[in-house]
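Position 1 is the first residue of the sequence; numbering continues from there.
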Amino acid sequence: MKRRSVLLAALAATAASGGTAMAARKPSASDKRVVVYYQTQYTNGTYVSPLALTERNTGVTDVLVAAVHLNDLNGPYAPVHLNDDPPHSARYDRMWRDLKALQGKGVHVLAMVGGAAPGSFTRLDNEFGTYYPLLRDFIRQYDLDGVDLDVEEEMSLAGIERVISALRADFGPDFLITLAPVGSALKGGGNLSGFDYDDLYRSRGGDIAWFNAQFYNGWGRMNSTADYDAIIARGLIPASKVVAGTLTSPANGGSGYVGMTTLKSTLRALAAKHRGFGGVAGWEYFNSAPGGTVAPWKWAAEVSSVLKR
């Protein structure tokens with residue numbers, strides 16, 4: 001998801017969920033998700049607080065703090081990084097306090113792991129016993145409600161299944177496990193993750209709360225319902241588990257930004273067409289239109305006005 005280049009964009013080209021016994025927590029049918037990715041915590045040296053998302057009663061349901069990376073233990077950097085710094089860096093102290101305040105208002109706070117920067121999932125795949133405990137301990141330290149696995153590098157099916165199973169065993173049935181595939185990967189098309197999402201859903205669907213599917217950068221579009229419809233029409237993954245991911249600003253990706261008027265029209269149509277429609281996710285918070293850097297919370301408020309009716 002995460003600042004993908006135009007070159008990457010150019011590469012795009014009702015079964016039982018099965019799997020493990022414990023099911024991930026599900027929101028009520030009337031509570032469609034409004035998901036906000038929160039990666040840019042500072043812009044031009046100024047801290048970007050997420051607190052307005054609740055202070056302004058935007059209807060946000062989930063805030064995904066990004067991006068967490070698991071670094072080479074033999075390299076020059078700390079083993080766990082949030083963007084360019086260790087998560088315990090003083091620059092993040094206020095952020096962690098603000099995120100805790102959001103949790104106090106009923107908003108789920110998850111960590112997005114991976115994204116465009118490679119390495120984290122290769123390490124989890126090949127050296128699970130070394131790198132998974134780093135992820136587990138980070139989640140525990142910051143009392144997170146879940147994790148968003150954004151696998152944008154080659155990983156085996158067995159490897160991602162092992163990560164999901166370990167998270168469920170360690171954090172219990174209420175812990176939210178989401179993934180962020182490109183939209184086309186959920187309909188058998190282009191895929192950045194290596195493994196097949198159909199196979200993953202059949203084996204671990206009961207443990208996956210939802211998918212934050214990326215409908216931009218050539219992997220899908222939100223100017224109509226067509227790409228989302230194609231996923232649901234396959235009859236494998238239900239609409240309740242497919243959250244439509246979109247760019248919140250034309251500055252946030254290579255291509256595929258959809259203006260608010262068109263986006264709201266598409267969301268309204270999806271909610272009418274698909275029972276239990278999962279909701280919408282926005283990449284990313286700090287400069288979201290229509291409010292921009294002055295009032296980025298307005299994006300969540302606008303989409304909620306459609307989804308919460």
Backbone of Gly254 reached by a side-chain donor or acceptor of Asn217 within 3.5 Å:
yes

What residues, two or more places apart in sequence or in another chain, satisfy ring-ring contact (aromatic ring centres under 6.0 Å, His included) together with Tyr257?
none

Give the ring-plane orientation class for Phe138 versus Tyr142, where under 30° counts as parallel, over 60° as perpendicular and anything between as tilted.
tilted

N/O donor-acceptor pair under 3.5 Å between Tyr132 side chain and Ala166 backbone
yes

With sequence neighbours excluded, residues passing side chain to side chain donor-acceptor pair (under 3.5 Å) with Ser249
none

Just so I know, are the side chains of Leu186 and Arg234 near enough to count as touching, which here means a heavy-atom distance under 4.5 Å?
no

Over 60° means perpendicular and under 30° means parallel, so tell me whether Phe215 and Tyr228 are parallel, tilted or perpendicular.
tilted

Would you give the length of the straight line joining atom CZ of Phe286 to atom CD of Gln39, rounded to the nearest 0.5 angstrom?
9.0 Å

Quick check against the 3.5 Å criterion: does Ser304 have a side-chain atom that pairs as donor or acceptor with the backbone of Thr58?
yes

Nearest 0.5 angstrom please: Ile237 CD1 to Ile231 CD1, how far?
7.0 Å

Min side-chain heavy-atom separation Val258-Leu247 under 4.5 Å
no

Examine Arg94 relative to Tyr47 and say whether NZ or CZ is less than 6.0 Å from the centre of the six-membered ring and inside a 45° cone about the ring axis.
no

Residues two or more places apart in sequence or in another chain: which of them pass salt bridge (charged side-chain N to carboxylate O under 4.0 Å, His left out) with Asp125?
none

Can a donor-acceptor pair be found, under 3.5 Å and without considering hydrogens, that links the side chain of Ser89 to the backbone of Pro86?
no

As a quick check of understanding, evaluate side chain to side chain contact (heavy atoms under 4.5 Å, CB included) for His274 and Val242, giving each step before the final call.
CA-CA 11 Å; His274 298 291; Val242 182; over 6 Å; no

Show your reasoning for whether side chain to side chain contact (heavy atoms under 4.5 Å, CB included) applies to Tyr197 and Leu236.
CA-CA 10 Å; Tyr197 278 89; Leu236 178 61; over 6 Å; no

Decide if atom CZ of Arg140 counts as having more than 12 heavy atoms of other residues, nucleotides or ligands within a radius under 6.0 Å.
yes

Give the minimum heavy-atom separation between Tyr216 and Ser255, together with the two atoms involved.
CB-O, 3.6 Å

Supply the atom-to-atom distance Glu161 CD to Ser156 OG, rounded to the nearest 0.5 angstrom.
8.0 Å

For residues Phe128 and Val80: do they belong to one hydrophobic cluster (side chain heavy atoms under 4.5 Å, members Ile, Leu, Val, Met, Phe, Trp, Tyr)?
yes

Counting C-beta onward and ignoring hydrogens, is there a side-chain heavy-atom pair between Thr178 and Val243 closer than 4.5 Å?
no

Excluding sequence neighbours, so at least two apart, what forms ring-ring contact (aromatic ring centres under 6.0 Å, His included) with Phe171?
Phe175

Check side chain to side chain donor-acceptor pair (under 3.5 Å) between Arg97 and all other residues, then give those that pass, not counting sequence neighbours.
none

Side chain of Tyr38, backbone of Val48: donor and acceptor closer than 3.5 Å?
yes

Taking every non-hydrogen atom, the tightest pair across Pro296 and Thr293:
CD-O, 3.6 Å

Test side chain to side chain contact (heavy atoms under 4.5 Å, CB included) on Phe121 and Glu152 and set out the steps.
CA-CA 8 Å; Phe121 289 102; Glu152 301 189 13; over 6 Å; no

Pairs where residues 175-194 contributes a residue and the test salt bridge (Lys or Arg N to Asp or Glu O under 4.0 Å) is met, not counting sequence neighbours
Lys187-Asp227

If you count the non-hydrogen atoms of other residues, nucleotides and ligands that lie under 6.0 Å from CG in Asp84, is the total more than 12?
no

Polar side-chain atom of Asp145 near backbone of Val109 as donor-acceptor pair, under 3.5 Å:
yes

Measure the CE-CG distance between Met112 and Leu82 for me, rounded to the nearest 0.5 Å.
9.5 Å

Say whether, by atom type as modelled, one donor and one acceptor occur between the side chain of Lys308 and the main chain of Lys32 under 3.5 angstrom.
yes

For Trp297, ring-ring contact (aromatic ring centres under 6.0 Å, His included) partners two or more places apart
none

With a 6.0 Å cut-off (strictly less than), is the heavy-atom count around CZ of Arg221, excluding the residue itself, greater than 12?
no

When every non-hydrogen atom of Asn287 is compared with those of Ala251, the smallest separation belongs to ND2-CB, 4.0 Å

Please tabulate, for side-chain N and O atoms in residues 261-272, each donor-acceptor pair with protein atoms closer than 3.5 Å (sequence neighbours left out).
residue	atom	partner	partner atom	Å
Lys264	NZ	Glu302	OE1	2.8
Thr266	OG1	Met222	O	2.9
Thr266	OG1	Thr262	O	3.2

Nearest atoms (heavy-atom pairs only) where Ala101 meets Leu51
CB-CD2, 3.9 Å

To the nearest 0.5 Å, what is the distance between CG (Leu134) and CZ (Arg123)?
10.5 Å

Using side chain to side chain donor-acceptor pair (under 3.5 Å) as the criterion, list what pairs up with Lys100, not counting sequence neighbours.
Gln103, Asp143

Side-chain donor-acceptor contacts of residues 64-73 below 3.5 Å, not counting sequence neighbours, with atom names and distances?
residue	atom	partner	partner atom	Å
Asn71	ND2	Ala78	O	2.8
Asp72	OD1	Asn74	N	2.9

Tell me every residue that passes salt bridge (charged side-chain N to carboxylate O under 4.0 Å, His left out) with Asp137, counting only those two or more places apart in sequence or in another chain.
none

Between Arg204 (side chain only) and Arg162 (backbone N and O only), is there a donor and an acceptor less than 3.5 Å apart?
no

Indicate the atoms forming the closest heavy-atom contact of Asn191 with Trp219, along with that distance.
N-CZ3, 4.1 Å

Sidechain-backbone polar pair: Glu55 side chain, Leu53 backbone, donor-acceptor under 3.5 Å:
no

Would you find a donor on one side and an acceptor on the other, under 3.5 Å apart, between the side chain of Glu284 and the backbone of Asn252?
no

Nearest 0.5 angstrom please: Ile177 CD1 to Leu167 CG, how far?
5.0 Å

Mind listing the closest non-hydrogen atom pair of Thr246 and Trp299 along with its distance?
CG2-CZ2, 3.8 Å

For the OH atom on Tyr42, are there more than 12 heavy atoms of other groups (residues, nucleotides or ligands in this structure) within a distance under 6.0 Å?
yes

For a 4.5 angstrom cut-off between non-hydrogen side-chain atoms, does Tyr201 reach Leu179?
no

Less than 4.5 Å apart, any side-chain heavy atom of Leu110 and any of Leu144?
no

Would a 4.5 Å heavy-atom cut-off, applied to side chains only, mark Asp62 and Leu176 as touching?
yes

Working for side chain to side chain contact (heavy atoms under 4.5 Å, CB included), residues Leu149 and Ile164:
CA-CA 9 Å; Leu149 305 174; Ile164 292 171; 4.1 Å; yes

Just to verify, what does Ser288 make a side chain to side chain donor-acceptor pair (under 3.5 Å) with, not counting sequence neighbours?
Thr248

